[in-house]
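Input: a single structure, listed below in structure tokens.
Counting starts at 1 for both ligands and their atoms, following the listed order. All values below come from the heavy atoms of this structure, side chains included, with hydrogens, waters and symmetry mates left out. Everything quoted here is computed from the prediction, not taken from an experiment.
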Amino acid sequence: MPPVITAFAQSPDRGRGLARDMPVRWALEEVGQPYEVELVSFAEMKQPVYRTLQPFGQIPTYREGELALFESGAIVLYIAQGHAGLLPNDADGRARAVMWMFAALSTIEPPIMDRSMALILERQEIWHEQRLRLLEDRIRTRLADLSARLGDAEWLDGAFSAGDLMMIQVLRRLAGSELLEGDRNLLAYVARGEARPAFQRAFAAQLAVFNDSAGN
Ligand code: GTB
């Protein structure tokens with residue numbers, strides 16, 4: 001039986017590949033592992049039966065035999081550890097790829113998520129502009145450091161790895177913003193990730209869900 005992941009039946013991102021089933025789909029495509037998708041509504045995600053899989057009532061989850069996982073980063077790591085293609089063979093290289101996954105999720109993503117939330121939830125507040133400037137300055141600093149570290153390399157540490165996958169997915173949340181557009185190096189890095197055939201297949205699969213749900 002192929003693994004089964006859960007994803008939004010109706011994704012609020014309208015198929016832009018920003019929901020967190022995207023990195024899981026991308027990882028599965030990179031390693032050539034077929035998978036099935038169970039689509040869940042917001043109401044279903046909050047039911048006790050779903051919360052046995054995901055205590056916070058969120059997507060994605062991953063089931064394979066007796067194993068049930070949640071947290072997109074943990075799922076991508078599990079997939080990467082079980083297949084060739086997303087982690088280097090040598091122990092030091094593997095540890096560094098995992099380090100980059102953590103850097104994506106715990107150093108780069110937090111201010112980016114805070115900005116997304118501020119744009120959605122805090123526009124009416126009198127302090128919105130001030131907070132947005134502060135968050136964007138924080139993001140700029142992080143991106144400049146990341147860009148300097150990447151330099152003119154293709155990927156963060158040798159061959160493409162799960163670290164790049166998570167980092168590129170996090171950076172994609174800034175698509176269309178001058179924060180990313182203003183850094184040609186990182187913009188090209190994201191474009192290289194998005195050009196990978198595995199990314200394209202994953203993106204097409206989640207977009208098809210949106211198109212079906214919208215009757216397109
Ligand atoms: N840390 C968890 C993980 O990485 O798996 C976070 C999971 C999570 O945030 N899931 C979101 C969810 O299920 C969907 S991806 N939310 C429903 C809820 O909490 O009730 C986050 C997301 C949502 C929407 C957009 N968007 O519209 O662009 C992008 C990303």
Side-chain angles (χ1 to χ4, degrees), residues 3-30 35 37-64 67-81 86 97-123 132 135-136 139 162-177 179-180 190 193-194 199 202-214 216:
V4 181
I5 68 168
T6 53
F8 280 134
Q10 284 179 311
S11 184
D13 77 340
R14 305 178 63 80
R16 287 180 298 145
L18 298 176
R20 288 175 196 261
D21 56 302
M22 182 63 200
V24 173
R25 291 174 183 270
W26 186 4
L28 288 162
E29 292 288 353
E30 286 285 347
Y35 62 100
V37 183
E38 196 175 290
L39 300 176
V40 288
S41 67
F42 277 93
E44 284 163 347
M45 279 188 269
K46 304 304 171 192
Q47 296 301 315
V49 62
Y50 186 82
R51 284 180 192 270
T52 61
L53 279 179
Q54 218 292 6
F56 311 109
Q58 297 182 314
I59 60 99
T61 64
Y62 177 98
R63 272 170 294 155
E64 186 183 12
L67 176 69
L69 293 176
F70 63 93
E71 282 299 332
S72 54
I75 298 169
V76 168
L77 181 57
Y78 175 77
I79 294 165
Q81 285 172 330
L86 281 173
V98 174
M99 171 187 77
W100 279 114
M101 292 182 70
F102 276 85
L105 295 175
S106 68
T107 300
I108 302 293
E109 185 175 64
I112 293 178
M113 272 307 284
D114 287 347
R115 173 181 177 271
S116 300
M117 290 298 114
L119 290 171
I120 296 169
L121 302 173
E122 297 168 357
R123 277 187 189 276
L132 196 59
L135 290 172
E136 294 194 336
I139 295 171
D164 295 295
L165 187 154
M166 291 311 294
M167 189 65 81
I168 289 165
Q169 182 62 23
V170 164
L171 295 175
R172 291 187 63 247
R173 204 174 278 276
L174 294 172
S177 129
L179 292 163
L180 185 61
V190 171
E194 291 180 339
F199 176 94
F203 187 88
Q206 62 78 40
L207 179 60
V209 174
F210 172 73
N211 284 337
D212 285 351
S213 74
N216 296 337

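- Residue-ligand proximity, Asp13 to ligand 1, at heavy-atom distances under 4.0 Å covers atoms 26 (N), 27 (O), 28 (O).
- Between the Glu109 side chain and the Ala104 main chain, no donor and acceptor come within less than 3.5 Å of each other.
- Nearest protein heavy-atom neighbour of atom 5 (O) of ligand 1: Ser72 N, 2.9 Å.
- Geometrically, ligand 1 and Lys46 share a nitrogen or oxygen pair separated by less than 3.5 Å.
- At the shortest separation from atom 24 (C) of ligand 1 among protein heavy atoms lies Pro12 CG, 3.8 Å.
- Side-chain atoms of Gln54 never come within 3.5 Å of backbone atoms of Arg51 as a donor-acceptor pair (strictly under, hydrogens ignored).
- If you check each of Arg20, Met22, Gln58, Glu71 against atom 21 (C) of ligand 1, the one with the closest non-hydrogen atom is Arg20.
- With hydrogens and angles ignored, the 3.5 Å screen pairs a side-chain donor or acceptor of Tyr50 with a backbone N or O of Gln58.
- Side-chain atoms of Arg172 come within 3.5 Å of backbone atoms of Gly17 as a donor-acceptor pair (strictly under, hydrogens ignored).
- Residue contacts with ligand 1 for Phe42 involve side-chain atoms from C-beta outward but no N, CA, C or O (heavy atoms, distance under 4.0 Å).
- Contact between Phe42 and Gln10 at its shortest, heavy atoms only, is CE1-O, 4.1 Å.
- Heavy-atom proximity to Pro60, at under 4.0 Å, picks out these atoms of ligand 1: 5 (O).
- Within the 3.5 Å criterion, the main-chain N or O of Thr61 finds a donor-acceptor partner in the side chain of Thr6.
- Summary of contacts: the protein heavy atom closest to atom 22 (C) of ligand 1 is Ala19 CA, 4.3 Å.
- Of the heavy atoms in Phe8, only side-chain atoms (C-beta onward) come closer than 4.0 Å to ligand 1.
- Among the atoms of Ile59, some N or O lies under 3.5 angstrom from an N or O of ligand 1.
- Closest approach of Leu135 and Ala118 over heavy atoms only: CD1-CB, 4.0 Å.
- Of all heavy-atom pairs spanning Met22 and Phe203, the tightest one is CE-N, 3.6 Å.
- The distance criterion of under 3.5 Å between nitrogen or oxygen atoms is not met by Arg173 with respect to ligand 1.
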